[in-house]
Each structure stands twice: as structure tokens, then as C-alpha cells.
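The sequence lines fix the lettering, A, B, ..., with proteins before strands; numbering per chain opens at 1. Here the structure is a predicted model, which is why all the values come from computation and not from measurement.
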Protein chains: 2
Amino acid sequence: MLGAPNVDRQTRRRDETRREILDAAWAVVRESGWSGLTQRAVAERVGMRAPSLYGHFSSQMAIVDAMFGQAWAETDAAYDELDTRMPEDPREALLLVANVWLELMAGDPERNALMNQRPVPGFTPSADSYTYAVQSMERLHRFFDRIGVTDPDAPDLWTALLAGLASQQNANDPGGERWRRLVPRAVDMFLSEVGPTTRRRKPR
Amino acid sequence: MLGAPNVDRQTRRRDETRREILDAAWAVVRESGWSGLTQRAVAERVGMRAPSLYGHFSSQMAIVDAMFGQAWAETDAAYDELDTRMPEDPREALLLVANVWLELMAGDPERNALMNQRPVPGFTPSADSYTYAVQSMERLHRFFDRIGVTDPDAPDLWTALLAGLASQQNANDPGGERWRRLVPRAVDMFLSEVGPTTRRRKPR
DNA sequence: GTCTATACACCGATAGAC
DNA sequence: GTCTATCGGTGTATAGAC
């Protein structure tokens, strides 16, 4: 039992190294894109040799998988924090959510690509890391419930709208605000179609 | 001068081979994604050896560039054909345009990726092949003029909306219609914000 | 125009010493 | 845990014969 603190320190050290590797991986991706993410590049940044990474991740894909989980977990955390200061008014709330999303996605194109596109050839998220993505979607549903948006198509329309703004922003005006500044109009547009105060034009 | 027909036949044959190579490249991409597009794979499909491709394209990127130009040229051609049977009613016209776009983009995810994302590391379209993309955008502006949509933000909102629907469809429900079926609602939404008959809620 | 042969660089992964 | 050495494979591109 006296050995317990030692074990703790060891596993803590292990997690620390894992974290360092993931940070290095993100740095490499932001510098060279997903095609530049190689074991050698990551290892060099950590100050290791490539094969040493296998002491912490079982393969290249395991690193990508951890990054995928991380990206969604951090997004989820950002929205968790947002819950504590969510405006009452639905339009203001949607505006806040949309702006935070665009900030996250347009502010970090490679991260956006990992979450919403398929930038790594053969990578499929593990059930474990996919959990965070599912949680995030469930949170969106609860959010819509709370502000009185009950239209069943609303979540899919919303994700399409935000994904489109982020995608266009990153592809055609990276770092700019050409699409980012359209967020308020997109929110108005969205609310006029599915909003709690408005009936949609053509019920189907 | 008697040699002229011979020259014509030769250049025609050359163009034919070029075409065969591009068709093979598309087939490879649709089967294995953009990361699977290699000279060996393309050559094998054409019935050549990899180095022989250099007789027709100066590099791998030259092939991708030709594909980029092709994709936009074909899109432009589709809309050219559409012009001859465009409905008078703005909503109907937008609906037609949106459905054709989604059909093109969701029906061919890899093509969509080339046109709207950056699936090939290091590739930047040449000025030449980019021309088709510009033409397509100019056509969109003329179209909006014609149906009375004068809002200066309209084109960017429109492209974001369509890009988002296509991107979500391809990433989360490939081959399905989960987002594709939302096109009519997206059009309604769009028109209620920028439409010729409606004033927008909050002018900025 | 198309071929074979090959140069050169780089990838992920494993074996085995320390 | 981290290292060196190395295997087997992939990719683009060029040289030179036919």
C-alpha cells in the first residue's frame, strides 16, 4: 500500500507524455495539414524518435482517434461552459451558439476537417471517441427543446447551415470573415423557418 | 498542306488519350478516394505503365488540375442547359437550381470534395482551370439578378447553405437523402431572408 | 508513345539492445 | 521507455532503349 503513490505518479507521468504527443500532433497538423501528420514529424517535435511513440499509442490511427475524441470533447466542454451564461431570448441564444461554433471551426480549419470531413485516408472513429460526438449532438437537441424549437428538421438544417458557413469560410477566405459575418443573418433565416414564434410557410 | 489532315488526326488521337486518362483518374478516385489517386493506379486502368502518363501530363498535379477544370466546366454546362427551361417563379427556379446542385454534389462526393474542399495536399488550381469556377459564380450572380434577388449577401449565403447540405449529406449519410430532402425548406428559408418579396428582419 | 529500369524520398511498423 | 537498425512497401519522377 505504501507503493500506491508511486504507481499514481507513474501513470500521471504516462498521461503527461501522451498529452505531449497529442499536442505535438496538433502542431504538426496545423503546420503541414493532415497529410503531413507522420510519426517522424510528431516524434521530432516531442523530442523522440519515431518508434518510441509505440510505447504510448498502438498505431498512427490510434493517435488520430485520440485527436478526434479530443476535438469533440473540447467542443462539448465549450458548450458546457456556455450553458451557464445562456441568454433567455432564443435568437440571442442561437446567435451565441453559432458564433462560438464558427469561432471554433473557422479558427481551426484542420480541426474542423477532422470533425466534419474525412481528411485522414482510412480513419474511422472508434466507438469510444465517437461517444463525444454523439453527446454533442444530444446537447444540441436539448438546447432546441429548451428554446422552444420543436421542428424535427431543425437540428439537421442547423448543422448544415453552420457546416456550410465554416466550410466556405475555410475554403475560400481562410482567416477572414466573409462568411463569418453572415452568422446573424443565418440565424434570422433559420428562425424564420423553424422558429417558435413563426409558422413555416409550406407544411409538408 | 496535304499533311494537314494527318496533323489533325494526330492531335485528335492525343486528346482522346488525354480523355481516357482523365476518365480513368475519376474512376480511381471514386473507388479509392483522393488518397488513392496514384500514377500506377491510373495507368493500370488505362492499360499503360505509370511513366507513360508523362507523355500526356507533365505531372500528377497537372492531372488533378485538369480534373478540377473538368468538374467546374461540367457544372457550368449543366446550368447552361438549365437556362433553357428555367421557371419564371423565383421559388421554383431556386428549387430547381438547388436540386440540380445537390444532385451533382451529393451524387459524387469526391467531385464535390475537389470543388469545395482541399482533398489533394499541395494542389492549387491553375489560373486556367480556375476560370471555370469563376464563370460559374458569375452565372449565379446573373441568375439572382434575373429573379430579383438583389441582396449583396445573397450569393454567399446561398453557397454556404448548399455547401452545408452537400457536406453533411456526404459525410453523415452518404448515398441517402437525410439532408437532400431538406432542399425545399432550405429554399424557403433562404427566400424569407433575401427574397424579392420579403424585407429582411434586421437591416444592418 | 510506350516501355523497363531505376533513383530518391518517405511511409508505418517491428526486433532487439540498453 | 527509448533507442538504433532495418524491413517491406508506397509514392513521383527521370533516363534511355525500342
Using salt bridge (Lys or Arg N to Asp or Glu O under 4.0 Å) as the criterion, list what pairs up with B/Arg19, not counting sequence neighbours. B/Asp23

Of the residues in residues 39-47 of chain B, which ones touch DNA chain D at a heavy-atom distance under 4.0 Å? B/Gln39, B/Arg40

Check each residue of residues 56-65 of chain B for a non-hydrogen atom within less than 4.0 Å of any atom in DNA chain D, then write out the ones that pass by number, or none. B/Ser59, B/Gln60

If you find the nucleotide of DNA chain C closest to A/Leu37 and the one closest to B/Gly55, which residue's nucleotide is nearer the 5' end? B/Gly55

By the 4.0 Å heavy-atom rule, please label A/Leu53 as base, sugar-phosphate, or nothing. nothing

List the residues meeting side-chain hydrogen bond (donor to acceptor under 3.5 Å, both in side chains) with A/Arg14, not counting sequence neighbours, and say none if there are none. none

When the side chains of residues 53-71 of chain A are checked against the rest of the protein, which donor-acceptor pairs come out under 3.5 Å, sequence neighbours left out?
| unit_1 | atom_1 | unit_2 | atom_2 | d |
| --- | --- | --- | --- | --- |
| A/Tyr54 | OH | A/Gln39 | NE2 | 2.9 |
| A/Ser59 | OG | A/Met61 | N | 3.3 |
| A/Ser59 | OG | A/Ala62 | N | 3.3 |
| A/Gln60 | NE2 | A/Leu37 | O | 2.9 |
| A/Asp65 | OD1 | A/Ser126 | N | 2.9 |
| A/Asp65 | OD1 | A/Ser126 | OG | 3.4 |
| A/Asp65 | OD1 | A/Ser129 | OG | 2.8 |
| A/Asp65 | OD2 | A/Ser126 | OG | 2.6 |
| A/Gln70 | OE1 | A/Trp26 | NE1 | 2.7 |

Of all residues at least two apart in sequence or in a different chain, which pass the salt bridge (Lys or Arg N to Asp or Glu O under 4.0 Å) check with A/Arg40? none

Note: A/Arg180-A/Asp173 ion pair, threshold 4.0 Å (strictly below): no

Which salt bridge (charged side-chain N to carboxylate O under 4.0 Å, His left out) pairs, counting each pair once, include a residue from residues 109-127 of chain A, with sequence neighbours left out? A/Glu74-A/Arg111

Side chain to side chain donor-acceptor pair (under 3.5 Å) contacts touching residues 93-107 of chain A (sequence neighbours left out): none

Remember a base hit wins even if backbone is also touched, and classify A/Arg13 as base, sugar-phosphate or nothing at under 4.0 Å, heavy atoms. nothing

I'd like the 5' and 3' limits of the part of DNA chain C contacted by chain A, with heavy-atom contacts below 4.0 Å. C/dC11 to C/dT14

Could you work out, with salt bridge (Lys or Arg N to Asp or Glu O under 4.0 Å) as the rule, every residue matching A/Arg30, not counting sequence neighbours? A/Asp108

Considering only distance and modelled atom types, tabulate donor-acceptor pairs under 3.5 Å from the side chains of residues 82-89 of chain B, sequence neighbours left out.
| unit_1 | atom_1 | unit_2 | atom_2 | d |
| --- | --- | --- | --- | --- |
| B/Asp83 | OD1 | B/Arg146 | NH2 | 3.4 |
| B/Asp83 | OD2 | B/Arg139 | NH1 | 3.1 |
| B/Thr84 | OG1 | B/Glu81 | O | 2.7 |
| B/Arg85 | NE | B/Glu81 | OE2 | 3.3 |
| B/Arg85 | NH2 | B/Glu81 | OE1 | 3.4 |
| B/Asp89 | OD2 | B/Arg91 | N | 3.4 |
| B/Asp89 | OD2 | B/Glu92 | N | 3.1 |

Partners meeting salt bridge (Lys or Arg N to Asp or Glu O under 4.0 Å) with A/Arg45 (sequence neighbours left out): A/Glu31

For a quick check of understanding: with a heavy-atom distance under 4.0 Å over all strands, which category does B/Ser52 fall into, base, sugar-phosphate or nothing? base

